Novice: 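Handing you a structure now.
Keep in mind it's a predicted model, so treat the numbers as computed, not measured.
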There are 2 protein chains.
Amino acid sequence: MEKLKDLLRSNDLKATHQRIAILECIDKFGHINIDAIYDYICEKYPTMSKATVYRNINELLSYDIIEEIKLPHKNKKYEIKKVPHIHLLCKRCSKVEDLFLETKPFFNSITSHTGFKIDHSFIVIDGTCRACQQS
Amino acid sequence: MEKLKDLLRSNDLKATHQRIAILECIDKFGHINIDAIYDYICEKYPTMSKATVYRNINELLSYDIIEEIKLPHKNKKYEIKKVPHIHLLCKRCSKVEDLFLETKPFFNSITSHTGFKIDHSFIVIDGTCRACQQS
DNA sequence: AATATATTAGATAATATTTATTATTATCTA
DNA sequence: TAGATAATAATAAATATTATCTAATATATT
Ligand SMILES: [Mn+2]
Ligand SMILES: [Mn+2]
Ligand SMILES: [Zn+2]
Ligand SMILES: [Zn+2]
């Protein structure tokens with residue numbers, strides 16, 4: 001809570017209730033889309049406008065406080081910015097799992113094949129999570 | 001041209017001029033978004049409706065004739081369905097490059113770490129292509 | 001080639017998603 | 001606590017996508 005306020009202020013963003021609520025919500029759910037953020041926060045702040053969610057999401061993106069995740073055939077989701085990682089999307093339970101895995105060998109192979117200079121990667125793996133395989 | 005007609009007919013889709021034009025356009029450009037398809041085809045078929053583009057794109061997607069590519073902070077693009085591959089997106093020239101690369105070792109590492117059963121992967125690499133690095 | 005049949009296109013309305021505008025309110029600094 | 005400034009809510013506008021319906025077209029059959 002105070003940590004979130006500091007995070008906003010260190011980026012010259014005012015720590016409004018709405019912004020804090022949006023960040024707390026994203027943090028709580030891990031990976032979440034606009035509508036779900038809006039619905040969740042409306043419980044606490046019924047006057048909150050959806051435009052405020054969009055406006056703040058874009059603001060937070062531009063300061064690299066959050067980042068956008070594009071999933072196949074789904075709406076965009078957002079998460080608190082972390083170190084680079086991979087997303088595992090379960091088609092059964094729809095959960096998005098973070099995987100922090102060493103990608104250097106894979107990236108080196110890409111660069112040596114193509115000469116492409118890599119900045120970022122966006123890796124989504126579709127399949128069935130361990131829990132869903134057992135049920 | 002005849003190959004495209006056969007492709008459509010083998011999926012019980014009528015080989016209309018519009019559909020063939022859409023497929024030819026996607027094939028010609030490799031990776032292209034809705035608006036660019038529409039603009040390109042309008043030159044030849046000025047009466048073409050954008051709803052027809054959307055309708056056919058969805059139809060072609062559902063028959064796995066084309067597939068959707070989501071790129072970070074860009075509109076969706078479409079391409080003729082190929083064997084699985086990786087996309088290299090150059091931030092300088094905006095070109096999307098296909099890379100057919102062995103991913104088994106990487107995927108095995110994911111499965112052994114997580115128990116996740118992999119169906120598909122969506123891998124986009126952001127960076128600078130070889131050509132743009134030299135200019 | 002003409003005809004029958006179902007499918008598709010085009011026009012347009014409807015819906016969904018995202019952004020812009022502006023008067024009012026809240027935050028922060030002094 | 002007051003004043004300067006930034007952010008919100010409400011709303012309109014813009015953009016993106018889908019649905020509906022009638023006329024046109026593709027294809028199989030004669
Ligand atoms: Mn994540
Ligand atoms: Mn491709
Ligand atoms: Zn699951
Ligand atoms: Zn380039």
Novice: Who does dT8(D) pair with, Watson-Crick or G-U, both distances under 3.5 Å?
Specialist: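 Its partner is dA23(C).
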Novice: Checking Glu79(A) against His87(A): is there a side-chain donor and acceptor pair closer than 3.5 Å?
Specialist: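 Looking only at side-chain atoms, Glu79(A) and His87(A) do form a donor-acceptor pair, the distance falling under 3.5 Å.
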Novice: Would the distance check show the side chain of Thr111(A) and the main-chain N or O of Asn108(A) forming a donor-acceptor pair, the cut-off being under 3.5 Å?
Specialist: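 Checking the backbone N and O of Asn108(A) against the side chain of Thr111(A), no donor-acceptor pair under 3.5 Å is found.
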Novice: Between dT27(C) atom C1' and Asp12(A) atom CG, what is the distance in whole Å?
Specialist: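 Roughly 13 Å, once rounded to whole Å.
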Novice: Look at all strands and tell whether Ala15(A) reaches a base, only sugar-phosphate, or nothing, counting heavy atoms closer than 4.0 Å.
Specialist: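 Since only primed, P, OP1 and OP2 atoms lie under 4.0 Å of Ala15(A), the category is sugar-phosphate.
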Novice: Output the rounded distance in Å from CE (Met48(A)) to P (dA10(D)).
Specialist: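 After rounding, the reported distance stands at 11 Å.
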Novice: Can a donor-acceptor pair be found, under 3.5 Å and without considering hydrogens, that links the side chain of Arg19(B) to the backbone of Lys14(B)?
Specialist: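 Answer holds: yes.
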Novice: I want to confirm an ordering. Mapping Thr47(A) and Glu59(A) to their closest nucleotides on DNA chain D, which one lands closer to the 5' end?
Specialist: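 With Thr47(A) and Glu59(A) compared, the 5'-side residue is Glu59(A).
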Novice: Could you state the atom-to-atom distance from CZ of Arg19(A) to P of dA6(D) in whole Å?
Specialist: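 It works out to 11 Å between those atoms.
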Novice: Between atom OH in Tyr45(A) and atom C1' in dT8(D), what is the gap in whole Å?
Specialist: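 Atom-to-atom, Tyr45(A) to dT8(D), this comes out as 13 Å.
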Novice: Hey, is the side chain of His17(B) poking within less than 4.0 Å of OP1 or OP2 on dT8(C), counting only N and O atoms?
Specialist: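 Looking at the OP1 and OP2 atoms of dT8(C), neither is under 4.0 Å from any side-chain N or O of His17(B).
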Novice: On the nucleotide dT8(C), are OP1 or OP2 found under 4.0 Å from the side-chain N or O atoms that Arg55(B) carries?
Specialist: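 For dT8(C), neither OP1 nor OP2 has a side-chain N or O of Arg55(B) closer than 4.0 Å.
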Novice: Using a 4.0 Å heavy-atom cut-off, does Thr52(B) contact any base of the nucleic acid, only the sugar-phosphate backbone, or nothing at all?
Specialist: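 Since a base atom lies under 4.0 Å of Thr52(B), the category is base.
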Novice: Atom CD1 of Ile57(A) to atom C1' of dT19(C): distance rounded to whole Å?
Specialist: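 Taking atom C1' of dT19(C) as the reference, CD1 of Ile57(A) is at 14 Å.
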Novice: For Leu71(A), does its backbone N or O pair with a side-chain atom of Lys70(B) as donor and acceptor, under 3.5 Å?
Specialist: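 Yes, Lys70(B) side chain to Leu71(A) backbone: donor-acceptor pair under 3.5 Å.
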Novice: Would you mind reading off the distance between Asn58(A) atom CG and dA7(D) atom P, rounded to a whole angstrom?
Specialist: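 It is 14 Å, rounded to the nearest whole Å.
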Novice: Kindly say if Asn33(A) contacts the phosphate of dT17(C), meaning a side-chain N or O under 4.0 Å from OP1 or OP2.
Specialist: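 No, no such contact exists.
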Novice: How long is the line joining CD1 of Ile20(B) and C1' of dA26(D), in whole Å?
Specialist: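 One finds 10 Å between C1' of dA26(D) and CD1 of Ile20(B), rounded.
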Novice: Please tell me which of Ala51(B) and Lys14(B) maps to the more 5' nucleotide of DNA chain C, matching each residue to the nucleotide holding its nearest heavy atom.
Specialist: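 Between the two, 5'-proximity favours Lys14(B).
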Novice: Measure up the Phe106(B) and Phe106(A) rings against each other and bin them: parallel (under 30°), tilted (30 to 60°), perpendicular (over 60°).
Specialist: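 It falls in the parallel class, under 30°.
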Novice: Looking for any heavy atom pair under 4.0 Å, which part of the strands does Lys5(B) touch: base, sugar-phosphate only, or nothing?
Specialist: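 If one applies the 4.0 Å heavy-atom cut-off, Lys5(B) turns out to touch nothing in the nucleic acid.
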Novice: Look at the side-chain N and O atoms of Asn75(B) and state whether any lies under 4.0 Å from the OP1 or OP2 oxygen of dT15(D).
Specialist: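 No, outside the criterion.
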Novice: Counting N and O atoms only, with roles assigned by atom type, does the side chain of Glu68(A) sit under 3.5 Å from a partner on the main chain of Pro72(B), one being a donor and the other an acceptor?
Specialist: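 No, Glu68(A) side chain to Pro72(B) backbone: no donor-acceptor pair under 3.5 Å.
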Novice: Does Thr16(B) or Asp35(B) map to a spot on DNA chain D nearer the 5' end, using the closest nucleotide for each?
Specialist: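 The 5'-side residue here is Asp35(B).
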Novice: Counting only Watson-Crick pairs (N1-N3 plus N6-O4 or O6-N4) and G-U wobbles (N1-O2, O6-N3), all under 3.5 Å, who is the partner of dA30(C)?
Specialist: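 Pairing partner: dT1(D).
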Novice: Measure the distance from OH on Tyr54(B) to P on dA16(C) and round it to the nearest whole Å.
Specialist: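 My rounded result for the distance is 15 Å.
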Novice: Counting only side-chain N and O atoms of Gln18(B), is one of them less than 4.0 Å from OP1 or OP2 of dG10(C)?
Specialist: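 For Gln18(B), the contact criterion (side-chain N or O under 4.0 Å from OP1 or OP2 of dG10(C)) is met.
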